[in-house]
Amino acid sequence: MFRKSLVAVVAATTLALTACGGGSDSGGGSDAGGASDGTITMGFAQVGAESGWRTANTKSVQEAAEAAGVDLKFSDAQQKQENQIKAIRSYIQQQVDVIAFSPVVESGWDTVLKEAKDAEIPVILTDRAVDSADTSLYKTFLGSDFIEEGKKAGDWLVEDSASTEGPVNIVELQGTTGAAPAIDRKEGFETAIAADPDLKIVQSQTGDFTRSGGKQVMEAFLKNTPDIDVVYAHNDDMGLGAIEAIEAAGKVPGKDIKIITVDAVKDGMTALADGKINFIVECNPLLGEQLMDLAAKVVAGEEVPARVVTEETTFTPEQAKEVLASREY
Ligand code: AHR
């Protein structure tokens, strides 16, 4: 049960630095930090609200902070790196006890991470990684193995196409350009489908992890690419957008064109159970509790593992039907 008496201000807001301010009585900074009453103040710089996954992730972080009595300062970067950097700088200025963030893209974080380190504020990466060579700039990285997710998607297709003669034309809806899940899910998928030379990615473009992006890019693919056999979408939302485009073009998603996605949020699982998606690789957004545990340890100056990988599974339509009613997000 959540401890309502210790509710922090956790409203999701668009990034306004004023929204990041106030409320902290933290002494800030040191590895054995926290306020004198033991309350930890966390600055959390979220990517945005681009997908069902992200909404579930935000809810998980906010609810877990409330349950743990963590004073959460939350900002929504609207998928812009500059907004996340501003938010992190604001958290440094406010001397929060710990900063957690899910980087929009992998590159370009060294300067601001050094600023946090110089201010002795520990940083936790959650969901997405950075490509900084200096791993001392953050304490730990909690999240999925995106390469493995891409491999699972590709392995399924290799098996599913085993009895098919001739080329299989795949179109790929990539996530946000430069984001870890877009880079890694592409890499993992390509590695897996290399096992069958008939499997070819004939088009690949970003849909920015959004439903509207997936729909728009799929509409273009359908106009300019003959004989699309498979859509590989880096998340459910783009896959759901692609379904709308496929149906509008008079084709049957899941039959005329097979669809593979990543996430397994409720809308995706519903489409899977309905046969409109053929296979989903799970990416678990419920990272809040683990994040609060790691934050408490890091603020107390305890050692934490450098990498905490989320456990995940995959779903076929039959499996989706079984679990849909009890799906949490
Ligand atoms: O970083 C996780 C990815 O980001 C999810 O797969 C996607 O839905 C989200 O936008």
Side-chain angles (χ1 to χ4, degrees), residues 15 17 20 26-34 40-48 57 61 70 72-77 79-150 175-188 283 287-288 290-310:
L15 178 76
L17 294 185
C20 306
S26 158
S30 84
D31 271 2
I40 291 171
T41 301
M42 173 187 285
F44 186 91
Q46 181 59 290
V47 169
N57 178 249
V61 169
V70 168
L72 184 71
K73 296 181 182 301
F74 182 92
S75 61
D76 173 341
Q79 287 195 277
K80 292 195 175 71
Q81 182 175 34
E82 72 253 33
N83 288 347
Q84 272 191 319
I85 291 175
K86 272 187 212 161
I88 293 169
R89 290 212 164 108
S90 162
Y91 297 145
I92 294 170
Q93 212 173 19
Q94 293 171 63
Q95 297 184 299
V96 298
D97 300 308
V98 56
I99 292 170
F101 80 114
S102 172
V104 178
V105 291
E106 267 189 352
S107 305
W109 298 102
D110 285 31
T111 305
V112 75
L113 290 179
K114 273 187 195 120
E115 290 167 23
K117 194 178 175 187
D118 290 347
E120 296 182 19
I121 299 176
V123 172
I124 298 176
L125 302 178
T126 170
D127 163 37
R128 298 183 182 177
V130 298
D131 65 3
S132 304
D134 181 358
T135 54
S136 78
L137 295 176
Y138 53 90
K139 294 286 179 190
T140 180
F141 166 35
L142 162 68
S144 308
D145 182 338
F146 297 133
I147 294 184
E148 192 53 36
E149 290 174 350
T176 304
T177 305
I183 296 166
D184 293 353
R185 286 175 189 163
K186 181 170 187 52
E187 184 189 324
C283 179
L287 304 176
Q290 275 174 298
L291 175 61
M292 297 308 146
D293 287 350
L294 287 167
K297 289 190 175 130
V298 157
V299 171
E302 289 174 30
E303 284 297 312
V304 291
R307 177 78 169 100
V308 182
V309 184
T310 318

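These figures come from a predicted structure and were not determined experimentally.
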Participant: Tell me yes or no: between the side chains of Ser132 and Tyr138, is some donor less than 3.5 Å from an acceptor?
Facilitator: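 Short answer, no.
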Participant: Evaluate Val61 against Phe44 for side-chain contact (heavy atoms from CB on, under 4.5 Å), listing each step before the verdict.
Facilitator: CA-CA 9 Å; Val61 169; Phe44 186 91; 4.0 Å; yes
Participant: Could you list all the ring pair (Phe, Tyr, Trp, His ring centres under 6.0 Å) pairs where at least one residue sits in residues 106-126, not counting sequence neighbours?
Facilitator: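 For residues 106-126, and leaving out neighbouring residues, the ring pair (Phe, Tyr, Trp, His ring centres under 6.0 Å) pairs sorted by first residue read Phe101-Trp109.
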Participant: With sequence neighbours excluded, tell me which residues meet side-chain hydrogen bond (donor to acceptor under 3.5 Å, both in side chains) with Lys114.
Facilitator: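 Scan of Lys114 (side-chain hydrogen bond (donor to acceptor under 3.5 Å, both in side chains), adjacent residues dropped) gives none.
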Participant: At what distance, to the nearest 0.5 angstrom, does OG1 of Thr41 lie from CG of Asp97?
Facilitator: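 Answer rounded to 0.5 Å: 5.0 Å.
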Participant: Determine the minimum heavy-atom distance between Ala87 and Ser75, stating which atoms define it.
Facilitator: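 Of all heavy-atom pairs spanning Ala87 and Ser75, the closest is CB-OG, 3.3 Å.
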Participant: Can you list the steps and then say if Lys297 with Thr140 is a side-chain contact (heavy atoms from CB on, under 4.5 Å)?
Facilitator: CA-CA 11 Å; Lys297 289 190 175 130; Thr140 180; over 6 Å; no
Participant: Quick check: closest heavy atoms across Pro103 and Thr126, and the distance to 0.1 Å?
Facilitator: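 Of all heavy-atom pairs spanning Pro103 and Thr126, the closest is CD-O, 4.3 Å.
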Participant: Roughly how far apart are Leu113 CG and Leu125 CG, rounded to 0.5 Å?
Facilitator: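 That separation rounds to 7.0 Å.
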Participant: Measure the CG-CZ distance between Asp145 and Arg185 for me, rounded to the nearest 0.5 Å.
Facilitator: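 If I round to the nearest 0.5 Å, the distance is 10.5 Å.
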Participant: What are the two closest heavy atoms between Leu287 and Leu142, and how far apart are they?
Facilitator: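 Distance-wise, the nearest heavy atoms are O-CD2, 3.7 Å.
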Participant: Specify the closest pair of heavy atoms between Arg307 and Ser144, including all atoms of both residues, with the distance to one decimal.
Facilitator: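 Taking every non-hydrogen atom into account, NH2-O, 2.9 Å.
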Participant: Between Gln84 (side chain) and Ser102 (backbone), is there a donor-acceptor pair under 3.5 Å?
Facilitator: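 Checked: pair present.
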Participant: Residues in side-chain hydrogen bond (donor to acceptor under 3.5 Å, both in side chains) with Ser107, at least two apart?
Facilitator: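 With sequence neighbours excluded, Ser107 shows a side-chain hydrogen bond (donor to acceptor under 3.5 Å, both in side chains) to Asp131, given in chain and number order.
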Participant: Going by side-chain hydrogen bond (donor to acceptor under 3.5 Å, both in side chains), name the residues that satisfy it together with Glu115, two or more places apart in sequence or in a different chain.
Facilitator: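 Checked Glu115 against side-chain hydrogen bond (donor to acceptor under 3.5 Å, both in side chains); matches are Arg89.
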Participant: Quick one: which of Gln94, Gln93, Lys86 gives a side chain to side chain donor-acceptor pair (under 3.5 Å) with Ser90?
Facilitator: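 Between Ser90 and the candidates, side chain to side chain donor-acceptor pair (under 3.5 Å) is satisfied uniquely by Gln94.
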Participant: Do you know the tightest heavy-atom contact between Ala100 and Met42?
Facilitator: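 In this case the closest contact between Ala100 and Met42 is CB-SD, 4.1 Å.
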Participant: Mind checking what makes salt bridge (charged side-chain N to carboxylate O under 4.0 Å, His left out) contact with Glu148, not counting sequence neighbours?
Facilitator: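 By the salt bridge (charged side-chain N to carboxylate O under 4.0 Å, His left out) rule, Glu148 matches no residue at all.
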Participant: List for me each residue that meets salt bridge (charged side-chain N to carboxylate O under 4.0 Å, His left out) alongside Asp184, sequence neighbours excluded, and say none if there are none.
Facilitator: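 Partners of Asp184 under the salt bridge (charged side-chain N to carboxylate O under 4.0 Å, His left out) test: none.
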Participant: What closest approach, in Å, do Val98 and Ala295 show between heavy atoms, and which atom pair accounts for it?
Facilitator: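 Val98 and Ala295 have their closest heavy atoms at CG1-CB, 4.1 Å.
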Participant: As an exercise, state the distance from CD of Gln46 to CZ of Phe74, rounded to the nearest 0.5 Å.
Facilitator: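 Between atom CD of Gln46 and atom CZ of Phe74 there are 5.0 Å.
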Participant: Between the side chain of Arg128 and the main-chain N/O of Val104, is any donor-acceptor distance below 3.5 Å?
Facilitator: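 Yes; judged by distance alone, with no hydrogens or angles, the pair exists.
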Participant: Does some side-chain heavy atom of Phe141 sit less than 4.5 Å from a side-chain heavy atom of Leu294?
Facilitator: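 No, side chains not in contact.
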Participant: To the nearest 0.5 Å, tell me how far Lys117 NZ sits from Lys139 NZ.
Facilitator: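 Those atoms lie 8.0 Å apart.
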